Q: 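To start, I am sharing the structure in question, which I have written as structure tokens.
Within every chain, numbering begins at 1; the chains are lettered A, B, ... in the order of the sequence lines, protein sequences first and strands thereafter. None of the values given here were measured: they were computed from a predicted structure.
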Amino acid sequence: MTDAAELRRRTQEFLAANPPARTDPLDFLRARFDAGLAWVHFPEGLGGLGSPRSLQAVVDAELEAAAAPDNDPRRIGIGLGMAAPTILQYGTQEQKRRFLRPLWTGEEVWCQLFSEPGAGSDLAALGTRAVREGDTWVVNGQKVWTSSAHLARWAILIARTDPDVPKHQGITYFVCDMTDPGVDVRPLRQITGEAEFNEVFLTDVRIPDAHRLGGIGDGWRVAQTTLNNERVAIGGMRLPREGGMIGPVARTWRERPDLRTHDLHQRLLGLWVEAEVARLTGERLRQQLVAGQPGPEGSGMKLAFARLNQEISGLEVELLGEEGLLYGDWTMRRPEHVDFTGRDAGYRYLRSKGNSIEGGTSEVLLNIVAERVLGLPAEPRTDKDVAWKDLAR
Amino acid sequence: MSTQPDLLYSEEEQALRAAVRDLLTDHCGAPDVIARGESDTPHDAELWKLLTDGMGLAGLLVPEDQGGQGASHREVAVILEELGRAVAPVPYLTSAVVATEALLACDGSAELLTRLASGRTVGAVAVALHLAPGAAFPVVRLDDGRLHGELTGIADAQAADVLLVPADDGGLYAVEAGAVTVVPQVSLDLTRPVARVLFQGAAGQRVGDAEPAVRRALRAAAGLLASEQLGLADRSLAETVRYLKERKQFNRPVGGFQALKHRLARLWLEVVHLRAAARGAADALATGEDVDVSVAVAQAYAAPVAVRAAEEALQLHGGIGMTWEHPAHLYLKRAKADSLAYGAAGAHRAALAELVDLQAP
């Protein structure tokens, strides 16, 4: 345990020993991990100091002031946000030591092999099979919507290991080596023209049993850790006023009086208010987390941002008039990370359509809020007590 | 913006909330509020005495050396959340917030401020309830030191002992209720009735300038009204969720149907957002930072959410929601009246257009 003053002192000592200007960036990041300053809430020896998560801000502020190299969190977001907490909770000591440091430094990029063409919102229906052969699992199937698969060294993977039990029980969680010859990554081009995601075909991929995370058949429970962290990652950011998608629209409004109409003015003001209130809500959630009072509010943040981003970007295209009829560039490209607010209005409009689908559709999230927050009765289920192999597909 | 508003509730604020909620649970039941609304005494004087004499809540905004508690808008906001939850028929917003804030902007009013802080005197600013903070307001004629004329739409005038009246010389005058004629108007919201006030040569004491006093009073009112709307919306949602878990149709609890679950989940999300907006306005009023934008944002957001919460409660309660005996109508009437009070959402959006430089065409 360390307090803020102690952490600040440690960080300054570390900076003195590893001056950012004269240290190779990768060496700096490795040393930072080894000093426990990577994610202070992780245990000692695994990049942390067992401190409260909120104290990370103290370290980050010192490092930022010293212009220290960062680990490009956007590029390695899946590893940081989803793989790491899952490995920490369910991994063996050997797995933690092998995977966490290169994951954090960015030497190894991770991706997430969860969704399938037939299993999106109903993720537990997945059909990718893993069959045991001695100390190895042989995996066959197809995954989809895999961001960073073309860059990734490792993947977190869930696969069906027992088709004879109900669908939530027969799943096992693995770490998959993306360099295995049976892994075939193909770009999946989207409505924006670019290929941010991939399809991943798995043909006789051989995963050693040592790369299993958690117990056989326990994969659904392990995956909940990953998915809960995914939603936390979407909630907790800190934005200034006009820091989100409303910013570019407001700037265009100010700079281009020729585009203004009364109808657009009313709609813009309404959305500006909603964006500001959503920002305050995110800030309130962050303050709750820092104060150690996490509430259920986080489960709603993604819903709100998805709807708002879609409405604001839709308005923006309209506001631009003649320019709104144009699109920046349809050339197929492969971005290293997702940039919701980057590029032009047409891109923002099209890309925001994914906000209410990815990471849990808005419809499914509304069910979750209704059932877990408000305590309303669950949907009637017809699949819970039926063996996976007997479900209609 | 370097600093962020404190959007949480402190432990003291939560303790205050619990005390007020307990009191309202015991002394502000819906059947009584419904019956009182039709009577000649729509305000609950006993409840007012418990809140003010008993708990000292009328003087929260008044400094201690003037007989108040020296608390802030943050605590007042918590009180208003609870009063909103109970649609309590007491002149708290109009006297302990609006009249008090008006006097705080004046010099010659120390004695009256102390009286309001004790709660033994109820004050009301004689400006129509629907007016936004920056709006022009009607005044009465000052003639030979006497006030003449008529003002309408004055909230809680019936309960007031003293009216703070803007006159055509630019002054704000304190007028004892006995010197004027208060004619109750039939109000949409029975729990916050409005009235006409007739001035026929009434004597008044000038306490300060009307313009800054009214502007300050209405701005605080608009900002804190969002907390009343939050309490109202939160209670409407909670009661509706409770009812839909019990009520069965088609051999299932009605709350299990997805069409209704999604409506309630969306409403919950809006209430969560309203809480952040209302806390933002209360904190801004308390610190004095970013007040105009925070108040306008809160009011532009709050009214539609509170109205929708009350409307959804009515619809989802089905036939029982349409009856006089069920309290859903109290909430709907208050929510709709609140949506006009201290400026409608459109007025606050228009104010924002100036404040954040999003000019009209």
Q: Between Ala291(A) and chain B, with a heavy-atom cut-off of 4.5 Å, which part of the residue counts as in contact: side chain, backbone, both or neither?
A: side chain

Q: Roughly how far, to the nearest 0.5 Å, is the CH2 atom of Trp268(B) from the CG atom of Leu376(A)?
A: 12.5 Å

Q: Minimum heavy-atom separation for Arg349(B) to Val273(A), with atom names?
A: CG-CG2, 4.4 Å

Q: Taking every non-hydrogen pair under 4.5 Å, which of Arg307(A), Gln288(A), Arg260(A) racks up the most with chain B?
A: Arg260(A)

Q: Take a 6.0 Å sphere around NZ of Lys336(B) and say whether it holds more than 12 heavy atoms from other residues, nucleotides or ligands.
A: no

Q: Side chain, backbone, both or neither: which part of Arg252(B) has a non-hydrogen atom closer than 4.5 Å to chain A?
A: side chain

Q: Using a 4.5 Å heavy-atom cutoff, which residues in residues 352-361 of chain B come close to chain A?
A: Leu352(B), Ala353(B), Val356(B), Asp357(B), Leu358(B), Gln359(B), Ala360(B), Pro361(B)

Q: Between Leu280(A) and Pro5(B), what is the shortest heavy-atom contact and its length?
A: CD2-CG, 4.0 Å

Q: Heavy-atom pairs under 4.5 Å with chain B: which of Gly270(A), Ala250(A), Pro257(A), Gly375(A) has the most?
A: Gly375(A)

Q: Counting only heavy atoms closer than 4.5 Å, note whether Leu269(B) contacts chain A via side chain, backbone, both or neither.
A: side chain

Q: Name the region of Leu259(A), side chain, backbone, both or neither, that has any atom closer than 4.5 Å to a heavy atom of chain B.
A: neither

Q: I'd like to verify something: which residue of Val241(B), Leu244(B), Leu237(B) has the highest number of heavy-atom pairs under 4.5 Å with chain A?
A: Val241(B)

Q: Are more than 12 heavy atoms from other residues, nucleotides or ligands located less than 6.0 Å from atom CG of Asp258(A)?
A: yes

Q: Check this for me: Glu11(B), atom CD, are more than 12 non-hydrogen atoms of other residues, nucleotides or ligands nearer than 6.0 Å?
A: no

Q: Looking at Arg275(B), Lys245(B), Arg279(B), His273(B), which makes the most heavy-atom pairs under 4.5 Å with chain A?
A: His273(B)

Q: In Å and rounded to the nearest 0.5 Å, what is the CD to CD distance from Glu379(A) to Gln258(B)?
A: 4.5 Å

Q: What residues of residues 315-322 of chain B make heavy-atom contacts with chain A at a cutoff under 4.5 angstrom?
A: none

Q: Does the Glu274(A) side chain pair with the main chain of Tyr301(B), one donor and one acceptor, at a distance under 3.5 Å?
A: no

Q: If you count heavy-atom pairs under 4.5 Å between each of His348(B), Arg266(B), Glu270(B) and chain A, which one has the most?
A: Arg266(B)

Q: Can a donor-acceptor pair be found, under 3.5 Å and without considering hydrogens, that links the side chain of Arg284(A) to the backbone of Ala276(B)?
A: no

Q: If you tally heavy-atom pairs under 4.5 Å against chain B, which of Val369(A), Leu268(A), Leu264(A) wins?
A: Val369(A)

Q: Taking atom OH of Tyr349(A) as the centre, report whether more than 12 heavy atoms of other residues, nucleotides or ligands fall under 6.0 Å from it.
A: no

Q: Heavy-atom distance under 4.5 Å between the side chains of Pro377(A) and Lys261(B), does that happen here?
A: no

Q: Out of curiosity, Leu366(A) CG to His262(B) NE2, how far, rounded to the nearest 0.5 Å?
A: 5.0 Å

Q: About how many Å separate CD of Gln4(B) and CG of Leu239(A), when rounded to the nearest 0.5 Å?
A: 9.0 Å

